[in-house]
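The structure appears right after this line, and notes come after that.
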Amino acid sequence: MATLLYRLGRGAFRRRRWVTLSWAAVLLGVVLAAMSAGEAADDSDSMPGIESQQAFDLINERFPDAEAEGASARIVLVAPDGRKVTATEYRAAIDTLVAEVADGPQVAAVSDPLDASTVSEDATTAYATVTYEVTDDNVTDAGRDDLTEAVEKARTSGLTVEAGGDAVAGEPPAGIGEFLGIGVAAVVLLITFGSLAAAGLPLITAVVGVALTLASIVALGGALGMSTGTADLAMMIGIAVGVDYALLVVSRYREERAAGHDAPEAAGLAVGTAGSAVVFAGLTVVIALAGLSVIGVPSLTKMGLAAAGAVVLAVLITLTLVPALCGFWPDALLARRVRKGPSARPARRLRKGPRAGAAGRVRETGAWGARWARLVQRRPVPVLLGSVILLGALAVPALDLRLGMPGDEAKPASTTERRAYDALADGFGPGFNGPLTVVVDARQADDPRSAVAAVSERVAGTDGVVSVSPPRFNAAEDTAVIQAVPATAPTSERTEELVRTIRAERPAAESATGATFEVTGTTALNIDVARKMTDALIPYLLVVVGLAFLLLLVVFRSVLVPLKAALGFLLSVGASFGALVTIFQNGHGAGLLGVAETGPIMSTMPLMLVGIVFGLAMDYQVFLVSRMREAVIHGEPPAEAVVTGFRHSGRVVTAAAVIMTSVFAGFMTGGETLLKMVGFGLAVAVLFDAFVVRMAFVPAVLVLLGKSAWWLPRRLDRLLPRVDVEGEALRRRAAAAPGLAAVPDPDRPDTVRA
């Protein structure tokens with residue numbers, strides 16, 4: 001593989017104009033396709049295999065008009081202390097509010113709270129239901145503004161008026177995530193390279209990759225139903241890996257130039273060696289992201305595949321466009337002090353010894369990494385125990401992990417949706433915000449109405465149910481829907497137990513009445529999704545870790561190195577889960593991140609975190625350990641190879657981790673709690689993995705294992721394909737043809753040229 005990639009890198013360097021124009025043409029074509037594409041369909045919210053989804057599908061089948069219902073909103077009215085909302089003095093204000101909202105754009109109907117009897121028992125709270133002609137995604141800003149103006153006007157009457165519901169919530173406040181991540185990346189790259197050109201090149205290629213990805217998502221959005229959530233994740237991953245992969249190749253290019261190679265040769269060697277690490281690092285990320293499809297959730301599958309596509313583009317751009325752009329600025333990519341020196345200085349300094357000259361400068365840039373590696377080399381046991389104890393302690397809170405889907409209760413108290421939620425909970429009980437929808441299928445019952453009444457009575461008699469609405473029958477009168485209000489909040493563990501209790505009564509009800517029922521609604525759906533995500537975690541881990549283990553087995557030709565990588569990953573992910581629970585669930589330090597309310601961790605968060613972080617963690621594994629294996633292949637003792645790996649790759653891995661952490665942390669600047677949760681979880685996972693696992697746990701284990709770390713059974717050694725990630729084929733050619741460039745001629749593979 002190294003030879004093939006060498007030819008690719010050298011060829012891209014020599015044909016840089018053709019390569020650059022080709023990528024520009026591809027980008028232009030995809031952008032034009034995106035501009036002419038139709039409007040993207042909504043992401044599928046279907047959750048196959050769970051009862052609440054089956055019940056929802058049954059409602060759509062038996063109640064055809066239900067699926068066509070549009071968005072809704074609730075206007076909550078609260079009287080001042082000691083007063084009642086039904087008082088005559090408030091009647092005119094309520095009538096005006098209902099009339100003005102009803103005249104608003106896209107509004108289908110508005111219920112009068114006093115006429116509809118949607119008033120609390122103490123008459124202090126009431127609510128009006130607003131139904132729209134369109135879905136919540138299609139409610140215009142004008143429609144939302146009209147509702148807001150009517151609510152503001154009604155507040156002048158002395159009533160507390162708030163609005164909630166899916167029609168009220170618009171787009172979350174935009175953060176500065178992408179700009180912050182790119183800005184930090186620019187600073188880190190400038191510090192790392194000491195050259196504006198070298199710092200700018202990875203940013204340029206990363207932006208090209210992200211632009212291609214986003215344009216592709218827009219172009220395919222109408223056909224595949226990919227929304228902004230899909231694009232956000234793809235952009236997040238695309239920026240992170242795009243910068244990191246280009247950083248690795250540019251760093252190796254500079255190293256080869258400092259070692260005395262001319263620019264085309266350095267580009268070929270950089271792609272042939274560092275490019276091999278990029279290919280296999282990218283493959284691990286693709287495996288982890290594409291593996292989300294095994295869960296069986298359409299939205300997660302689309303997000304995973306779109307992000308995997310962003311990684312594939314990042315790899316292709318790194319292998320072709322990066323060396324091509326190196327050809328436009330072959331010397332500008334070098335540090336200023338190197339550019340100012342005489343052209344012959346690199347070769348002379350290389351001959352002076354390992355600590356002198358241009359080669360010495362490369363080693364000096366990695367001096368801190370070498371010093372750290374030697375410290376680990378001298379004290380491997382304390383470093384290993386310290387890293388394991390630290391990450392283990394951070395992971396302890398993860399034992400209390402609760403999954404769910406936070407709603408309006410998790411929004412800041414400054415939002416009208418949160419205040420409406422609290423007002424309804426105070427006036428009608430905490431369970432009013434999360435009613436359970438029970439759909440009764442009485443087709444097989446002798447008397448459907450009697451069967452539905454019996455089921456309704458059973459549900460009403462269940463401990464924890466406050467009230468049950470009258471049944472609403474379909475046109476055929478063989479199916480009915482009832483609403484059961486729990487005594488506890490939607491995210492409460494007691495509500496989850498209530499759902500299980502109601503479902504457990506199904507066999508007895510079916511036996512007694514001949515009718516069966518299913519429980520759905522937002523609350524039940526969130527409970528079922530959390531259970532589905534929990535059940536899918538272990539199979540997903542087995543698939544992803546198993547495939548990645550095989551891939552790393554081929555790359556490193558070792559059994560223990562991939563095993564150690566997997567164990568280190570589990571430590572970093574466990575610590576990340578613990579940090580998430582500590583802040584977003586238990587509330588410790590939540591204020592520092594601007595998290596106003598705590599609650600359960602988003603249901604899809606564990607799988608997303610595992611998938612994304614596993615792939616990115618293996619990036620660092622390949623970047624760092626491939627240089628160690630390269631040193632072992634070249635005859636260094638295993639312990640000294642650890643030092644060599646850190647000397648050459650420690651700084652690059654550190655810079656890559658800081659960039660990736662900044663990209664993820666930047667998404668915490670958005671106003672949405674769920675986005676903060678995703679950004680924080682990914683950022684701390686990268687920090688733990690890069691700076692604790694890869695910088696402490698990994699070298700300590702490798703030092704303790706010694707030669708055993710690179711052990712591979714002979715029979716397995718014969719079976720595994722040889723991919724030559726270390727570029728050993730290039731080194732052998734160099735030894736066979738001293739004085740030449742010692743690499744194959746791109747046009748004549750059987751020869752070498754100077």
Side-chain angles (χ1 to χ4, degrees), residues 1-20 22-23 198 201-202 205 245-283 312 314-330 333-334 346-347 350 359 362 554-557 622-623 626-627 629-631 633-634 648-649 652 721-754:
M1 172 175 282
T3 302
L4 175 64
L5 292 179
Y6 164 82
R7 294 170 180 166
L8 180 64
R10 188 178 174 100
F13 185 97
R14 296 177 62 190
R15 299 171 177 84
R16 48 190 172 274
R17 291 182 178 82
W18 184 88
V19 172
T20 304
S22 296
W23 277 110
L201 193 150
T205 54
Y245 294 167
L247 166 65
L248 187 65
V249 171
V250 172
S251 178
R252 190 60 181 257
Y253 169 82
R254 286 158 55 97
E255 186 178 326
E256 297 296 341
R257 287 293 305 276
H261 295 106
D262 62 13
E265 191 66 21
L269 290 174
V271 177
T273 52
S276 298
V278 167
V279 169
F280 284 97
L283 279 176
V312 171
V315 171
L316 294 175
I317 287 173
T318 301
L319 299 179
T320 56
L321 186 58
V322 168
L325 294 181
C326 287
F328 289 105
W329 306 289
L333 297 176
L334 307 179
L350 178 63
V362 174
V554 172
V555 173
F556 296 118
R557 307 195 71 78
V622 174
F623 292 171
S626 62
R627 289 306 294 260
R629 174 168 171 77
E630 186 176 338
I633 292 295
H634 296 157
H648 289 289
S649 298
V652 174
R722 295 186 178 274
V723 294
D724 189 21
V725 177
E726 303 82 16
E728 184 61 18
L730 302 178
R731 305 293 178 182
R732 286 198 299 268
R733 289 177 182 269
L740 298 177
V743 290
D745 188 326
D747 302 318
R748 299 179 59 191
D750 57 333
T751 65
V752 292
R753 68 162 88 180

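Residues take their numbers from the sequence shown, with the count starting at 1.
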Quick check: closest heavy atoms across Y245 and T318, and the distance to 0.1 Å? CB-OG1, 3.3 Å
Tell me every residue that passes side-chain contact (heavy atoms from CB on, under 4.5 Å) with L4, counting only those two or more places apart in sequence or in another chain. none
Closest heavy-atom pair, G272 versus S276, reported as atoms and distance to 0.1 Å, is O-OG, 2.8 Å
With sequence neighbours left out, write down each residue that passes side-chain contact (heavy atoms from CB on, under 4.5 Å) with L319, or none if nothing qualifies. L5, L8, V271, V279, V315
Point-to-point distance, once rounded to the nearest 0.5 Å, from CD of E256 to OG1 of T273: 5.5 Å
d(T20 OG1, F328 CZ) to nearest 0.5 Å is 4.0 Å
Sequence-distant partners of P264, side-chain contact (heavy atoms from CB on, under 4.5 Å), two or more places apart: R10, F13, D262
If we only count heavy atoms from C-beta on, is the L248 to R252 side-chain gap below 4.5 Å? no
From T320 OG1 over to W18 CH2, what is the distance, rounded to the nearest 0.5 angstrom? 9.5 Å
In chain order, what residues pass the side chain to side chain donor-acceptor pair (under 3.5 Å) check against T205, with sequence neighbours excluded? none
Who passes side chain to side chain donor-acceptor pair (under 3.5 Å) against R557, sequence neighbours left out? D717
Nearest heavy-atom contact between Y6 and L269 is CD1-N, 3.6 Å
For A631, the side-chain contact (heavy atoms from CB on, under 4.5 Å) test, sequence neighbours excluded, returns E636, A641, T644
Ignoring hydrogens and geometry, is there a side-chain-to-backbone donor-acceptor pair from R16 to C326 under 3.5 Å? no
Between P323 and A12, which heavy-atom pair has the shortest distance, and what is it? CG-CB, 3.8 Å
Shortest non-hydrogen separation from H261 to E265 and the atoms involved: CD2-CG, 3.7 Å
